[in-house]
Amino acid sequence: MTKSEEKLSLNFIQEIIEEDLRTGKWDGRVHTRFPPEPNGYLHIGHAKSICLNFGLAEQYNGICNLRFDDTNPIKEEDEYVESIKEDVSWLGFDWEDRLLFASDYFEQMYQYAVQLVKAGKAYVDDLNAEQIREYRGTLTTPGRNSPHRDRSIEENLDLITRMRAGDFPDGSRVLRAKIDMASPNLNMRDPVIYRILKASHHRTGDEWCVYPMYDWAHGLEDSIERITHSICTLEFENHRPLYDWCLRELGVYHPQQIEFARLELTYTVMSKRRLLELVQEGHVSGWDDPRMPTISGMRRRGYTPESIRNFCKAIGVAKFNSTIDIARLEHAVREDLNKKAPRVMAVLRPLRVVIDNYPEGQVEELDAVNNPEDAGMGARKVPFSRVLYIEQDDFREDPPRKFFRLSPGREVRLRYAYFVTCVDVVKDAQTGEIVELHCTYDPATRGGDAPDGRKVKSTLHWVSADHAIEGEVRLYDHLFGKPNPDDVETGSDYKSNLNPYSLETLPSCWVEPSVVDWKPGSRCQFERLGYFCVDPDSSDGKLVFNRTVSLRDTWAKIEKAQKKK
RNA sequence: UGGGCUGUGGUGCAAUCGGUAGCACGUCUGACUCUGGAUCAGAAGGUUCUAGGUUCGAGUCCUAGCAGCCCAGCCA
């Protein structure tokens, strides 16, 4: 996309920002924030928000804070803070010196609450949670005022002081904003803004026993940090009137809240609750299981930060609740890895091949290009010898139509090596299973080109049996079998759609020796198969590879179409 | 007779604040190729939720419907 095209199609948030810049609403400033609650791991949906907030700041010469919205000590942990920091920075964003915590504003937020009480706009309520719910009314009927709604300011002040001092047990009292119990927006029916929680906080320890609720805290955090555009997801639209009310009543700096649609992806689930459930029930190996849509899972799977950022840019930002086809994510990694990943040959399901006319004991080091897309990535040597492995899929004794690979009597090219022709098929006497192929090679085709100009229909990857190193390969597929995991029979839940084939482990594959020293995280393309990366489970003796994504596979499509007929 | 938001090809997003629907992903052809990859060229696919209305002209404006999503935590 060129600059001028980008200008022509601004998303609705960019439009707001540019208008603000034009009118000087924020003195030309753009200051956003990414405000995660440290109660779980980040996923690709958060990546959309991160790219949006940091991206907007970058685009308009502004800044973006990383702010932990840690107002509920019961759910929050340092482990999550650390993983979130790692993920945001891995994605390529820098919060510089603006690593912030809502908990650092607890005193100020409390003082603001006192101010609200003094203004007669908040009161301490003795109703319990159940009673508050009853008094709240329903979607179609108005609520009723609490009997404690009209306490004197003095009494409220005394009560809130004692709440903070720890005089009352959990749940016995709350501080409520005094707004309107008949409002059609339930969030405005005297929302609770402080609750008593005698819980230890991951940063403030036991300093506090009252904690602010989201609606009270969030706007104040934005205000204190002098955020200009407070970007959040659609479900907070109903909260905006309250966000505005709080800041207006206090008469403080007042950012603009803007809501956008959260990301949904086909074949996966995105809610923290469900991801946690998958982890806890052992459907996946952990938050960083390569099948998870978490940032840590995708990192382990082999996704690059660039591919995720490109994906987020490509899907756009709007207010329509949409579901993105996971093929777009896969497209984004392929596009990036195609340019960056060195090519390697590996055979996943080995079929032994003996080159009958190749001298026993001879080994040749053949030249192979590391990346045809980038000459700068150089070349390497791969050893060739008399006994090789090729992919089982690359041979058919009885080739169907349009099958171009090896079959009896047919000549194909071994990549960077020689033309070979299949002359014999050896089968297991008992099972009839093909155990070995015999071929002859044409010495004149060394390197892969025939001096007489003859062509072959296909090129196969291969490894030398004596030189290849053994490795484990883990193939991943979609976590769920249906585009929409919620598409279930009545009575069962999304988990009944878990894809039983989402992980296939191939314990003994053969990889060309150039990868011996590779470390976890290294990425490559196994030619003709897909993009892979070295998993942390690798040990000195044995490398473990994760398949990030397969290559586009035209033959698989043809085969599938043929089967349908 | 709760309120808020949204509705454009299979999917996602555009359309210079009325000018006659475009891009991407996906799908399907073909070319090229030492990856059936990549690349390149092309095709199919939309009565812009519906019905009225304003206008020379409406995806854009008006009216009335319909559908979907969100809200009754002392979660965020």
Side-chain angles (χ1 to χ4, degrees), chain A residues 1 5 7-11 35-37 39 69-72 74-76 125 127-130 132-134 136-143 170-176 183-189 191-197 211 213-215 217-218 232-241 259 261 266 272 314-325 327-332 334-335 338-339 343 345 368-369 372-373 402-405 413-417 419 445 447-449 455-461 483 525-530 550-558:
Chain A
M1 222 189 239
E5 276 171 324
K7 254 209 146 171
L8 280 178
S9 62
L10 299 175
N11 66 49
E37 181 188 14
N39 69 343
D69 203 1
D70 53 351
T71 57
N72 185 355
I74 294 166
K75 293 186 173 178
E76 297 149 7
D125 199 347
L127 258 29
N128 62 36
E130 194 183 330
I132 286 182
R133 194 182 324 122
E134 284 165 16
R136 184 155 34 225
T138 70
L139 293 175
T140 50
T141 60
D170 283 13
S172 59
R173 275 175 237 260
V174 291
L175 182 69
R176 293 230 252 169
S183 171
N185 181 343
L186 303 232
N187 296 126
M188 301 297 273
R189 320 244 261 227
V192 172
I193 58 177
Y194 265 95
R195 78 285 217 187
I196 301 172
L197 241 37
Y211 291 91
M213 297 286 291
Y214 170 87
D215 286 307
H218 205 88
C232 60
T233 44
L234 249 30
E235 66 269 28
F236 292 103
E237 251 168 342
N238 294 328
H239 294 250
R240 183 164 16 109
E259 311 85 11
T266 56
K272 275 188 192 173
I315 58 175
V317 179
K319 300 194 75 163
F320 179 59
N321 248 314
S322 59
T323 303
I324 308 297
D325 190 335
R328 297 193 67 130
L329 226 201
E330 296 170 345
H331 172 260
R334 287 194 188 103
E335 190 180 43
N338 177 47
K339 291 177 293 187
R343 277 55 329 184
M345 290 199 283
V369 167
E373 301 292 318
K402 291 187 179 174
F403 182 87
F404 303 148
R405 282 112 95 144
R413 172 170 37 235
L414 294 181
R415 179 145 236 222
Y416 301 125
F419 283 16
T445 58
D449 285 304
K455 302 285 184 192
V456 286
K457 286 286 260 180
S458 77
T459 299
L460 310 186
H461 61 275
Q525 181 195 102
F526 285 165
E527 293 223 26
R528 303 207 305 134
L529 297 174
S550 66
L551 250 30
R552 287 187 63 218
D553 190 346
T554 309
W555 166 243
K557 279 181 194 167
I558 294 170

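Letters go in sequence order (proteins before strands), and every chain restarts at 1.
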### Task
Confirm from the modelled atom types if A:Arg405 and B:rG36 form a donor-acceptor pair under 3.5 Å, side chain to base only.
yes

#### Entry: Nearest-angstrom distance, C1' atom, B:rU48 to B:rU6
15 Å

### Task
Answer with base, sugar-phosphate or nothing: what part of the nucleic acid does A:Glu259 contact at a heavy-atom distance below 4.0 Å?
nothing

### Query
Say you pick atom C1' in B:rG65 and the same atom in B:rG10; how far apart are they, in whole Å?
28 Å

### Query
Hey, is the main chain of A:Arg136 close enough, under 3.5 Å, to the side chain of A:Arg189 for a donor-acceptor pair?
yes

### Message
Using the C1' atom as the point on both nucleotides, what is the distance between B:rU39 and B:rU20, in whole Å?
### Response
36 Å

### Query
Within the structure shown, what part of the strands sits under 4.0 Å from A:Thr140 by heavy-atom distance: base, sugar-phosphate, or nothing?
base

### Message
Whole angstroms only, please: what is the CZ-P distance between A:Arg528 and B:rG37?
### Response
11 Å

### Message
Can you measure A:Met188 atom CE to B:rG4 atom C1' for me and round it to whole angstrom units?
### Response
13 Å

### Task
Decide yes or no for A:Asn238 and A:Leu186: does some side-chain heavy atom of the first lie under 4.5 Å from some side-chain heavy atom of the second?
no

### Query
Which value, rounded to the nearest 0.5 Å, describes the distance between A:Leu529 atom CG and A:Asp553 atom CG?
9.0 Å

### Task
Look at the side chain of A:Arg552 and decide which nucleotide, out of B:rA14, B:rG7, B:rA38, has an atom nearest to it.
B:rA38

### Task
Heavy atoms under 4.0 Å is the rule here; annotate nucleotides 67-76 of chain B 5' to 3' with B where the base is hit, S where only the sugar-phosphate is, and - elsewhere.
--SBBBSBSB

### Query
Can you check whether A:Arg343 has a side-chain N or O nearer than 4.0 Å to OP1 or OP2 of B:rU35?
no

### Query
Mind checking the P distance from B:rU47 to B:rU8? Whole angstroms is fine.
13 Å

### Message
With rounding to the closest Å, how many angstrom separate the C1' atoms on B:rU55 and B:rU63?
### Response
16 Å

### Chi-angle category of B:rG26 [syn within 90° of 0, anti beyond]
anti

### Task
Identify whether any heavy atom of A:Phe403 sits under 4.0 Å from a base atom; if not, whether one sits that close to sugar-phosphate; answer base, sugar-phosphate or nothing.
base

### Summary
Listing for RNA chain B: consecutive Watson-Crick or G-U pair runs of at least 3, distance cutoff 3.5 Å, ranges ordered by first number, gives B:2-7 with B:66-71, B:10-13 with B:22-25, B:27-31 with B:39-43, B:49-53 with B:61-65

#### Entry: Rounded distance (Å) that lies between atom P of B:rC23 and atom CG of A:Leu10
19 Å

### Query
Base, sugar-phosphate alone, or nothing: which one does A:Ile558 contact when heavy atoms must sit under 4.0 Å apart?
base

### Point-to-point distance, once rounded to the nearest 0.5 Å, from CG of A:Asn39 to CG of A:Asp70
10.5 Å

### Task
Return the value, rounded to whole Å, for the distance between atom CD of A:Glu527 and atom P of B:rU35.
8 Å

### Task
List in chain and number order the residues that pass side-chain contact (heavy atoms from CB on, under 4.5 Å) with A:Thr459, two or more places apart in sequence or in another chain; answer none if no residue qualifies.
A:Arg413, A:Arg415

#### Entry: Distance, C1' atom - from B:rA21 to B:rG9, rounded to whole angstrom
10 Å

### Message
I want to verify a distance call: between B:rG37, B:rC25, B:rC13, whose nearest atom is closest to the A:Ala327 side chain?
### Response
B:rC25

### Residue met sooner reading RNA chain B from 5', once A:Glu237 and A:Thr323 are mapped to nucleotides
A:Glu237

### Task
Would you give the length of the straight line joining atom CD of A:Glu373 to atom CG of A:Asn338, rounded to the nearest 0.5 angstrom?
4.0 Å

### Task
Just call it for A:Thr266: base, sugar-phosphate, or nothing, with non-hydrogen atoms closer than 4.0 Å on any strand.
nothing

### Message
Between P on B:rG26 and CD1 on A:Ile324, what's the gap in Å once rounded to a whole number?
### Response
14 Å

#### Entry: Side chains of A:Asn72 and A:Arg195 in contact at under 4.5 Å (non-hydrogen atoms)
yes

### Task
May I ask you to verify if any side-chain N or O of A:Ser322 is less than 4.0 angstrom from the OP1 or OP2 atom of B:rC13?
yes

### Query
At under 4.0 Å between heavy atoms, what does A:Tyr211 touch on the DNA or RNA strands: base, sugar-phosphate, or nothing?
nothing

### Message
If the threshold is 4.0 Å, N to carboxylate O, is there a salt bridge linking A:Glu259 and A:Arg240?
### Response
yes

### A:Ala217 to A:Thr71 - nearest heavy-atom pair and separation
CB-CG2, 3.8 Å

## Note on the structure
Rounded to whole Å, NE2 of A:His461 lies from P of B:rU33 at a distance of 23 Å

### Query
In whole Å, what is the span from the NE2 atom of A:His331 to the P atom of B:rC23?
16 Å

### Query
Are any of A:Thr554's side-chain N or O atoms less than 4.0 Å away from OP1 or OP2 of B:rG37?
yes

### Task
Could you tell me the separation between the CZ atom of A:Arg413 and the P atom of B:rU33, rounded to a whole number of Å?
11 Å

### Task
Could you check whether A:Val317 gets within reach of a base, just the sugar-phosphate, or nothing at all, counting any heavy atom under 4.0 Å?
sugar-phosphate

### Message
Between A:Ser183 (side chain only) and A:Asn185 (backbone N and O only), is there a donor and an acceptor less than 3.5 Å apart?
### Response
yes

#### Entry: Donor-acceptor pair under 3.5 Å, A:Glu373 side chain vs B:rU39 base
no

### Query
Roughly how far, to the nearest 0.5 Å, is the CH2 atom of A:Trp555 from the CZ atom of A:Arg405?
7.0 Å

### Spacing of the C1' atoms in B:rG59 and B:rU16 (rounded, Å)
15 Å

### Message
Is A:Phe404 stacked against the base of B:rG36, taking the criterion as centroid distance under 5.5 angstrom and interplanar angle under 30°?
### Response
yes

### Task
Using the C1' atom on both, measure B:rG45 against B:rG37 and round to a whole Å.
27 Å

### Query
Is it true that A:Glu237 and A:Lys319 have a side-chain N and a carboxylate O under 4.0 angstrom from each other?
yes

### Query
Checking all strands, does A:Lys557 fall into the base, sugar-phosphate, or nothing category for heavy-atom contacts under 4.0 angstrom?
sugar-phosphate

